[in-house]
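The structure under discussion appears below in the form of structure tokens.
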Amino acid sequence: QVQLVESGGGLVQAGGSLRLSCAASGRLFSTYNMGWFRQAPGKEREFVAVISGTFRRTAYEDSVKGRFAISRDDSKNTVDLQMNSLKPEDTAVYYCAAGGTWSTLDGAYAFWGQGTQVTVSS
């Protein structure tokens with residue numbers, strides 16, 4: 001069992017930056033693949049980024065490539081999402097997720113945080 005708590009969301013102007021953090025409790029954090037997803041009002045939840053455990057394999061949704069960076073610190077049981085050059089279309093609730101399979105699909109993740117709101121003003 002893994003408990004996840006996100007932090008770092010807020011209101012930022014377009015072009016600005018935010019760093020989201022996800023703190024995990026529970027055993028064997030380093031073995032989990034960690035993902036970030038987001039859900040905008042009236043839209044389906046969508047994949048943002050994923051990072052694997054051992055080899056730090058990463059993947060990003062096309063619209064965030066070059067702007068967002070996912071990282072993890074297994075000594076602290078945290079996974080971060082650095083978001084730069086933010087756009088109004090990045091506005092959403094951002095969720096951290098943990099799963100046993102490296103995937104861009106939300107169904108592959110068994111554990112989810114409560115989400116943190118990111119609002120980007122134009």
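The SG atom of Cys96 sits 9.0 Å away from atom CH2 of Trp112, with the distance rounded to the nearest 0.5 Å. Rounding to the nearest 0.5 Å places CD of Glu44 at 8.5 Å from CG of Asp106. Once rounded to the nearest 0.5 Å, the distance linking CG of Asp73 with OG of Ser30 reads 11.5 Å. Interatomic distance, Arg56 CZ to Thr58 OG1, rounded to the nearest 0.5 Å: 11.0 Å. One finds the CZ atom of Arg57 at 12.0 Å from the CD1 atom of Ile51 (value rounded to the nearest 0.5 Å).
A donor-acceptor pair under 3.5 Å is absent between the side-chain atoms of Tyr32 and the main chain of Thr101, judged by distance alone. Of the possible polar contacts, one joining the Thr91 side chain to the Val120 backbone as a donor-acceptor pair under 3.5 Å is found. No donor-acceptor pair closer than 3.5 Å links the side chain of Glu61 to the backbone N or O of Phe47. In this structure a side-chain-to-backbone donor-acceptor pair under 3.5 Å is missing from Gln117 to Gly9. Between the side chain of Tyr60 and the backbone N or O of Ile70 there is at least one donor-acceptor pair closer than 3.5 Å.
Of all heavy-atom pairs between Ser121 and Leu11, the closest is CB-CD1, 4.3 Å. Of all the heavy atoms in Ser122 and Ala14, the pair that sits closest is CA-CB, 4.3 Å. Scanning both residues, Leu86 and Arg67, for their nearest heavy atoms gives CA-NH1, 3.8 Å. Closest heavy-atom contact between Ser52 and Trp102: CB-CD1, 3.3 Å. Smallest separation of non-hydrogen atoms from Leu18 and Gly8: CD2-O, 3.8 Å. Considering every non-hydrogen atom in both Val2 and Ala24, the closest pair reads CG1-CB, 4.1 Å.
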Problem - Step-by-step side-chain contact (heavy atoms from CB on, under 4.5 Å) determination, Ser71 to Gln82 - result: CA-CA 8 Å; Ser71 61; Gln82 177 66 42; over 6 Å; no
Exercise for the section: Would you please test Gln114 and Val5 for side-chain contact (heavy atoms from CB on, under 4.5 Å) and show each step? Expected result: CA-CA 7 Å; Gln114 82 290 350; Val5 178; 4.2 Å; yes
Exercise for the section: Evaluate side-chain contact (heavy atoms from CB on, under 4.5 Å) for Val12 paired with Thr119, printing each intermediate quantity in order. Expected result: CA-CA 6 Å; Val12 64; Thr119 303; over 6 Å; no
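Salt-bridge formation is detected for the pair Arg19/Asp80: a Lys NZ or Arg NE/NH1/NH2 atom is positioned less than 4.0 Å from an Asp or Glu carboxylate oxygen.
A cation-pi geometry, defined here as NZ or CZ lying under 6.0 Å from the six-membered ring centre and within 45° of its normal, holds between Arg72 and Phe29.
Leu4 and Val79 fall within the same hydrophobic cluster, where Ile, Leu, Val, Met, Phe, Trp and Tyr residues are linked whenever their side-chain heavy atoms come under 4.5 Å apart, directly or through other members. By the criterion of side-chain heavy atoms lying less than 4.5 angstrom apart, applied directly or through intervening Ile, Leu, Val, Met, Phe, Trp or Tyr residues, Val50 is grouped together with Val93 in one hydrophobic cluster.
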All N/O donor-acceptor pairs, side-chain side in residues 33-43, below 3.5 Å, sequence neighbours left out:
residue, atom, partner, partner atom, Å
Asn33, ND2, Gly100, O, 3.2
Arg38, NE, Glu46, OE2, 2.6
Arg38, NH1, Asp90, OD1, 3.0
Arg38, NH1, Tyr94, OH, 2.9
Arg38, NH2, Glu46, OE2, 3.1
Arg38, NH2, Ser63, OG, 3.4
Gln39, NE2, Lys43, O, 3.0

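Between Leu81 and Val48 there is a side-chain heavy-atom pair separated by less than 4.5 Å.
Listed by first and then second residue, the disulfide bond (SG atoms under 2.5 Å apart) pairs that reach into residues 65-95 come to none, sequence neighbours excluded.
Gln3 and Ser25 share a donor-acceptor pair across their side chains, judged by distance under 3.5 Å alone.
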